[in-house]
2 protein chains.
Amino acid sequence: MTKRTRVTRQKTAKIADVARLAGVSVATVSRTLARPEVVIEETRMRVLAAVRDTGYMPNVSARNLRVRKTMIVLVAVPDIANPFFAEVLQGIDDTLSAAGYGLIIANLAGSPEKEARYVDLVCAGQADGVLLLCGHVMRSPTRDLRDARVPLVAACEHIPHENFPQVTIDNVGTAREAVEHLIELGHTRIAYLSGPKSNILEQQRLEGYLQALRETGIAADARLILPGDFTFHAGVEAGQSLLALKPTARPTALFAANDEMAIGLIKTMHAAGLQIPNDLSVVGFDGIAYADYCEPTLTTIVQPRRELGAAAAAELIELMTTGKAGSPKHVKLPARLIRRDSTRPPPKRPGGIHRLARGPAKTAQ
Amino acid sequence: MTKRTRVTRQKTAKIADVARLAGVSVATVSRTLARPEVVIEETRMRVLAAVRDTGYMPNVSARNLRVRKTMIVLVAVPDIANPFFAEVLQGIDDTLSAAGYGLIIANLAGSPEKEARYVDLVCAGQADGVLLLCGHVMRSPTRDLRDARVPLVAACEHIPHENFPQVTIDNVGTAREAVEHLIELGHTRIAYLSGPKSNILEQQRLEGYLQALRETGIAADARLILPGDFTFHAGVEAGQSLLALKPTARPTALFAANDEMAIGLIKTMHAAGLQIPNDLSVVGFDGIAYADYCEPTLTTIVQPRRELGAAAAAELIELMTTGKAGSPKHVKLPARLIRRDSTRPPPKRPGGIHRLARGPAKTAQ
DNA sequence: GATGAGAATGTAATCGATTACATTCGGCAA
DNA sequence: TTGCCGAATGTAATCGATTACATTCTCATC
């Protein structure tokens, strides 16, 4: 009574089954699949027919064991739900999967336990290479990713003092460019909405902000540097802290270390009845898709997100295939300021409180 | 002159190295790691010390081959950059990685070649189970995912006529609820911004829309069903097509099959000088984070995104561990309508053109 | 016809773990 | 003393592929 499935094997066929069916040795089967040109037409046909009939697929674990490769890359990402990383991942996926690699996504989510588990995975030979989007070399209590002697490439966040390839943009320069844009519009009281202090991107973008002020002779004001952590919510809080200031004490422009915070801040200002950019110009950073969806559309530094991922992936493939270890090159991809609707010259308040401006405050030019 | 790294082995240590160093057999090493209680204290200490000294980690490929498991789950997702899926993925990752599984993300991106490659991976035993977020059973030109005889669970999009577990929400019922909300507010000319016709979610949400109209005696109007494809851009285009209508012919409310389209549509209406919800009430679907960030905040059906992922993952773990095949249960998680700022009663236009309403047009109640 | 080159295929070692089964050993009861 | 039992450990088979090396065979050449 048991309905027997027709030709299908109970368990998946192995190479020996195919060999038996085709009347050849396992070596010939393996060769037929790996280098068809070395086996003569007639044999090849018999083998391929047997492969089809059995539904044979070479077992990945067995092959991995033998050839000491897995064709898998581990990608460490701080937060998979962050749209910026999601877009970088697309670029990585395009390049890597075209080259036949699969990717394991290590969503670190700030959890040291997760991080440790993934380090162990890699040390145990589960991946042929690792792509770090996370700003540090992963570690577990007992070991470090470098112990795995596996090709490593970092992207997006530069990791200083390491001798593996890295792919980023010029964070300092583009941040400076963003602030210069505000200065050119005539702003002099420019706030900075920062990321977590320990983050290298934060440090670089802050540096760019300070450089822009310095080179135009605007004194930095510590009270205009607002704490943040790259989340929408941090933007909301920063907005509230601006609203708590006397209107005359408020900055006329703000540079946010990323788009999500900028969007949160704008929303909070709107809720309080202020207009962007009329009451406050805002520049973001990253160029996530929503920066162009929100209202007003966000002036921001657009990072080439897919390209960053693709370039890093290409670099890693190079490393994995040629084994040419430790070319510590640091690729920088171009990123540009896109002017949209969230910035404009400051309102002309003749008796304004531009007390920080050294020279006569420039107006729109 | 070559700086010799101290104790570190040149190549990663294998179990035989540990055994030699500890003066025991490989079996004892393996047992010490797998079932410490069966080996006496003194031996165990020696072995653990040797493990530490060598930095030994069991090779994953070898173990996988022997025990016929990989502790890897493949997650098929239509588009990794879609924020809805990103949040579902978080739930999946939480549950799966806590249980010791790694996940390979198959970003299908509408590419049959990619899909085929992943099917082959699974058939080749690269994964212990598969989570389908993609609304269909994956296939390659020659085979079907079912050929792999691997545990399967579908989430988010129901796949009809399959006997594996599925975890979704009640799409028909919640879509109906969304439209009922508009009707309760007094709307009778309610448009529907649809997804791709072939998509099961689209079919279910359309059905909910039609049910709500039917049960309240409002005739459906094919001209109020706008084509879409779940993207922001489709929302923009739908907005433009609404703007092309004579103002009096426009609907007073719109139900979008997902949030991204709703947001695109709202943006387009704003650009044309219309107010949401004053000139048009809008309800979305999904409850992505940005639905609460945009302006006005979006009334929408909030899906329990993390929970969907977590529940599906739990279901899959059950299947993978107990091997209890084919429990075709269909879990439905609750989803609720969240009323925010994008909906309100229709403007009172005494001589309005509610020519489609059967009974006397209800007004806000 | 003998010889050798080269092509096609086969045999068996190998990758590194897990684990069934075998062995050793100590202690206790008869 | 012998024999047996159970605990601790060792030996070797096994997972399923790849591939170095061995073998066989064909054919051209002398």
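In what follows, chains carry the letters A, B, and so on, assigned in the order in which the sequence lines appear, proteins first and then strands, with residues in each chain numbered from 1. Note that the structure is predicted; figures quoted are calculated from it, not measured.
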- Message: Quick check for you: among D/dG16, D/dC21, C/dA17, whose closest atom lies nearest to any side-chain atom of A/Asn59?
- Response: D/dG16

- Query: How long is the span from the CG atom in A/Asp79 to the CG atom in A/Leu108, to the nearest 0.5 Å?
  - Reply: 9.5 Å

- Query: In whole angstroms, how far is the C1' atom of C/dC15 from the CG atom of A/Leu65?
  - Reply: 4 Å

- Note on the structure: Assert: residue with more 5' nearest nucleotide on DNA chain C, out of B/Ala34 and A/Val24, is A/Val24

- Matching residue for B/Val18 among B/Asp53, B/Val29, B/Leu48, B/Leu33 - test: side chain to side chain contact (heavy atoms under 4.5 Å, CB included): B/Val29

- Item | side-chain N/O B/Thr28 vs D/dT9 OP1/OP2, d < 4.0 Å | no

- Contact under 4.0 Å: A/Arg68 side-chain N or O vs C/dG16 OP1/OP2: yes

- Give the nucleotide from the list C/dG16, D/dG10, D/dT19 with an atom nearest to the side chain of B/Arg66. C/dG16

- Task: Whole angstrom is fine here: how far is it from CD in B/Glu41 over to P in D/dT9?
- Result: 11 Å

- Task: Whole angstrom is fine here: how far is it from CD1 in A/Ile40 over to C1' in D/dT26?
- Result: 11 Å

- Item | Spacing of B/Lys14 atom NZ relative to C/dA17 atom C1', expressed in whole Å | 11 Å

- Query: Expressed in angstrom and rounded to an integer, what is the separation of B/Leu33 atom CG from C/dT19 atom P?
  - Reply: 13 Å

- For the pair made of CD1 in A/Ile15 and P in D/dT18, what is the distance, rounded to whole Å? 5 Å

- Message: Is B/Tyr56 close enough to C/dG16 that one of its side-chain N or O atoms is under 4.0 Å from OP1 or OP2 there?
- Response: no

- Between atom CZ in A/Arg20 and atom P in C/dG10, what is the gap in whole Å? 14 Å

- Message: Out of the candidates B/Thr321, B/Val167, B/Val153, only one should pair with B/Leu316 under the side chain to side chain contact (heavy atoms under 4.5 Å, CB included) rule; please name it.
- Response: B/Val153

- Query: Thinking salt bridges, do B/Asp93 and B/Arg306 make one under a 4.0 Å N-O criterion?
  - Reply: no

- Can we say B/Asp120 and B/Arg117 salt-bridge, meaning some charged N sits less than 4.0 Å from an Asp/Glu carboxylate O? no

- Message: Tell me the interatomic distance from B/Arg31, atom CZ, to D/dA12, atom P, rounded to whole angstroms.
- Response: 15 Å

- Distance check: side-chain N/O of B/Thr43 vs OP1/OP2 of D/dT9, anything under 4.0 Å? yes

- Query: With a 4.0 Å cut-off on heavy atoms, is B/Val26 in touch with a base, just the backbone sugar-phosphate, or nothing at all?
  - Reply: base

- Query: Which nucleotide, C/dA17, C/dA13, D/dT11, lies nearest any side-chain atom of B/Ala27?
  - Reply: D/dT11

